[in-house]
Amino acid sequence: MQNSYHLGRQPILNRQQELVAYELLFRNSSHRNEAIVPDDFLATLDVIQHAFSTLGASSVLGDKLGFINVSADLLMSDVLELLPPQQVVLEILETVDITPTIIERCLALKKKGFKLALDDIIHLDDTQKSLLPHLSFAKLEVMDMQAAQMSALIKELRPYPLQILAEKVDNPDQHQLCMQLGFDLFQGYYFAKPTILSGSKPQPSQMALLRLLGLINSNADNHDIELSFKHSPDLTINLLKLVNSVGSGTPKKIDSLAAAITVLGRRQLGRWIHLLAYVQQSGKNIGSNPLVQTAAIRGKFMELLALKKKPRDQSFADQAFMVGMFSLIDVLFNAPLQELIEPLNLNDDVRDALTGRNNALGELLNQALLAEDNDPQINNEIPCDFDALLSAMSWANELG
């Protein structure tokens, strides 16, 4: 399926067999627990998109660390700054040539708060040793190593302020040996094979992404960027997940697109859109996806109703648009509503309206649903505002 995502997640345990982290892994499908990786750079971009945008860090990692493989190209890329540094371990692949430029970049990333790991160590050369003082983790691939080789490597690594991880521990004998040798962390099939997180996702259209890129690159006003997001409910959902993935400290309640754009910042927003444009394989425009079109009409209709009800309250209108647009995400993503809105960190009033509680936004949602059913009289007191409904439909048609 072109509209599907697959993400591998393998536990990393400490000496007490407590879960402390996950390694996030590229997967081609949900059927085979392995990966055919034609390009390390693109594979990790795929992991980043699904873990921190499609699903959201809170859903994938919870409060645990996430190890992500990085090639030399990705290590030097600005894409890494999309990630929440306090929760991400950048796992430098064994194929990376440790040059002075790479070391300088590692120092800069460490200063930003990222933790660094060196992957698949089977011996230590001088260039690798120059990186050791800056690492938080060293990963030894123990499957084909003899005990004497592992012991010698651990002895070399111990003077450095890092944790030593035994990778590819596949049976109890290997685990027992690694415990005796003094490894700090453990990963392998003996504990758990990677779990594959799979699902379907709506693909944002290339035109929507290009339009947003044009606005970002031309330093457009935030209001214009917000309007462009309103054209693409699927992009907006991913934007909110991203805001909560990269945020730190006390989460901010997001009650409008404008707030999400402000919290994320123009620079981060541009990088995220570039990432989406880079990894996207195909997409449908709003006119060819009836669910996205209905969500857009509903959001705009509710926004117009809110402005008529409270003409001077733009915040209320923004919240109404959000409720209308997110009211179909359970159908759009084929997953329970509560599960989908949890990582979005929505304003309480928006959340209550979506979960069926009777507040002012919920009343507007009920009006929108009845209007879609062609009910000429919403109730005895409030006639259906067909002018607003037609305006919303016209607005959505223009987007197509």
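For the numbers below, each heavy atom of this structure counts, side chains included, while hydrogens, waters and symmetry mates do not. Heads up: numbering here begins at 1 and tracks the sequence.
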Could you tell me whether the side chains of Gln187 and Lys139 share a donor-acceptor contact shorter than 3.5 Å?
yes
Please check if Ile122 and Ile154 belong to a single hydrophobic cluster, counting links between Ile, Leu, Val, Met, Phe, Trp and Tyr side chain heavy atoms closer than 4.5 Å.
yes
Salt bridge (charged side-chain N to carboxylate O under 4.0 Å, His left out) involving Arg357 - partner list, sequence neighbours excluded:
Asp352
Could you please spell out the steps behind the side chain to side chain contact (heavy atoms under 4.5 Å, CB included) verdict for Leu80 and Leu109?
CA-CA 9 Å; Leu80 292 181; Leu109 289 166; 4.0 Å; yes
Look at the side chain of Thr355 and the backbone N and O of Arg351, then say whether any donor-acceptor pair between them is shorter than 3.5 Å.
yes
Just so I know, are the side chains of Val142 and Leu177 near enough to count as touching, which here means a heavy-atom distance under 4.5 Å?
no
Counting N and O atoms only, with roles assigned by atom type, does the side chain of Thr262 sit under 3.5 Å from a partner on the main chain of Ala258, one being a donor and the other an acceptor?
yes
Between Asp313 and Ser315, is there a side-chain donor-acceptor contact under 3.5 Å, judged purely by atom types and distance?
no
Could you check whether atom NZ of Lys64 has more than 12 heavy atoms from other residues, nucleotides or ligands sitting under 6.0 Å from it?
yes
Nearest 0.5 Å, what's the CG-CG distance between Leu65 and Leu24?
10.5 Å
Ser136 vs Leu162 side-chain heavy atoms within contact, under 4.5 Å:
no
Are Leu118 and Val88 linked, directly or through other ILVMFWY residues, by side chains that come within less than 4.5 angstrom of each other?
yes
If every non-hydrogen atom of Ala306 is compared with every non-hydrogen atom of Leu364, which pair is closest and at what distance?
CB-CD1, 3.8 Å
Using the rule given for side chain to side chain contact (heavy atoms under 4.5 Å, CB included), can you reason through Lys129 versus Glu156, listing the C-alpha separation, both sets of side-chain angles and the distance that settles it, and then say yes or no?
CA-CA 9 Å; Lys129 288 178 182 178; Glu156 282 190 90; 3.2 Å; yes
For a quick test of reading the model, state the closest non-hydrogen atom pair linking Ala388 to Lys308 and the distance between them.
CB-NZ, 4.5 Å
For Gly62, does its backbone N or O pair with a side-chain atom of Gln87 as donor and acceptor, under 3.5 Å?
yes
Do Glu167 and Asp120 touch side chain to side chain, with heavy atoms closer than 4.5 Å?
yes
Beyond-backbone contact of Gln367 with Leu305, side-chain heavy atoms, under 4.5 angstrom:
yes
Let me see the working for Phe301 and Leu390 under side chain to side chain contact (heavy atoms under 4.5 Å, CB included), right down to the final yes or no.
CA-CA 8 Å; Phe301 179 53; Leu390 289 172; over 6 Å; no
What do the steps show when you test Gln174 against Lys168 for side-chain hydrogen bond (donor to acceptor under 3.5 Å, both in side chains), and what is the final call?
CA-CA 9 Å; Gln174 283 181 338; Lys168 296 189 178 178; over 6 Å; no
Do you know the tightest heavy-atom contact between Ala371 and Leu389?
O-CD2, 4.0 Å
Strictly by salt bridge (charged side-chain N to carboxylate O under 4.0 Å, His left out), give each pair with a member in residues 358-368 just once, sequence neighbours left out.
Lys309-Glu363
Side-chain contact, heavy-atom cut-off 4.5 Å: Asp119 with Ile92?
no
A side-chain contact here means heavy atoms from C-beta on lying under 4.5 Å apart; do Val20 and Leu13 qualify?
no
Heavy atoms only: give me the nearest Ala368-Met302 pair and the separation to one decimal.
CB-CG, 3.8 Å
What's the spacing between Phe321 CZ and Phe326 CZ if we round to 0.5 Å?
9.0 Å
Would Asp318 and Gln314 count as a side-chain hydrogen bond (donor to acceptor under 3.5 Å, both in side chains) if you check the C-alpha gap in whole Å, the side-chain angles of each, and the deciding distance to 0.1 Å?
CA-CA 6 Å; Asp318 289 340; Gln314 185 60 50; 3.0 Å; yes
Determine whether a donor-acceptor pair (N or O, by modelled atom type, separation under 3.5 Å) exists between the side chain of Arg298 and the backbone of Leu369.
no
Atom CD of Glu104: over 12 foreign heavy atoms under 6.0 Å
no
Interatomic spacing from SG in Cys178 to CG in Leu185 - rounded to 0.5 Å
11.5 Å
Would you say Met393 ends up clustered with Leu304 if hydrophobic residues are merged whenever their side chains have heavy atoms under 4.5 Å apart, either directly or through other cluster members?
no
Taking the side chain as every heavy atom from C-beta outward, state whether Leu25 and Val47 have any atom pair closer than 4.5 Å.
no
Check the pair Val70 / Leu93 against side chain to side chain contact (heavy atoms under 4.5 Å, CB included), numbers first and verdict last.
CA-CA 6 Å; Val70 290; Leu93 292 172; over 6 Å; no
Look at the aromatic rings of Phe186 and Phe191 and report parallel, tilted or perpendicular, splitting at 30° and 60°.
tilted
In the structure I gave you, are the side-chain heavy atoms of Glu226 and Asn222 within less than 4.5 Å of one another anywhere?
no
Let me check something: do Leu19 and Ile68 share a hydrophobic cluster, defined by ILVMFWY side-chain heavy atoms less than 4.5 Å apart, either directly or through other members?
yes
Nearest 0.5 Å please: distance from the CG atom of Asp170 over to the OH atom of Tyr189.
7.5 Å
Using the test salt bridge (charged side-chain N to carboxylate O under 4.0 Å, His left out), find all partners of Arg158 that sit at least two apart in sequence or belong to another chain.
Asp184
Is the backbone N or O of Leu75 less than 3.5 Å from a side-chain atom of Arg105, with the two atoms forming a donor-acceptor pair by type?
yes
Restricting to non-hydrogen atoms, name the atom on Arg9 and the atom on Val60 that form the minimum distance, rounded to 0.1 Å.
NH1-O, 2.7 Å
Please name the pair of heavy atoms, one in Glu23 and one in Ile12, separated by the smallest distance, quoted to 0.1 Å.
N-CD1, 4.1 Å
Is there a chain of hydrophobic side chains (I, L, V, M, F, W, Y, each step under 4.5 Å between heavy atoms) that links Leu337 to Leu361?
yes
When you measure from the side chain of Asp97 to the backbone of Thr99, do you find a donor-acceptor pair of N or O atoms at a distance under 3.5 Å?
no
CD on Gln149 to CG on Leu181, rounded to 0.5 Å
11.5 Å
Could you give me the CA-CA distance, side-chain angles and deciding distance for Ser71 and Asp73, then say whether side-chain hydrogen bond (donor to acceptor under 3.5 Å, both in side chains) is met?
CA-CA 5 Å; Ser71 63; Asp73 288 341; 5.3 Å; no
Quick one: does Asn359's side chain have a donor or acceptor within less than 3.5 Å of a partner on Asp349's backbone?
yes
Just to verify, which of Phe183, Phe67, Tyr160 counts as forming a ring-ring contact (aromatic ring centres under 6.0 Å, His included) with Phe137?
Phe67
Is a side-chain donor or acceptor of Thr44 paired with a backbone partner of Asn69 at a separation under 3.5 angstrom?
yes
Check: Met179 main-chain N/O paired with Arg15 side-chain donor or acceptor under 3.5 Å:
yes
Separation between CG (Asp126) and CG (Leu131), nearest 0.5 Å, reads 13.0 Å
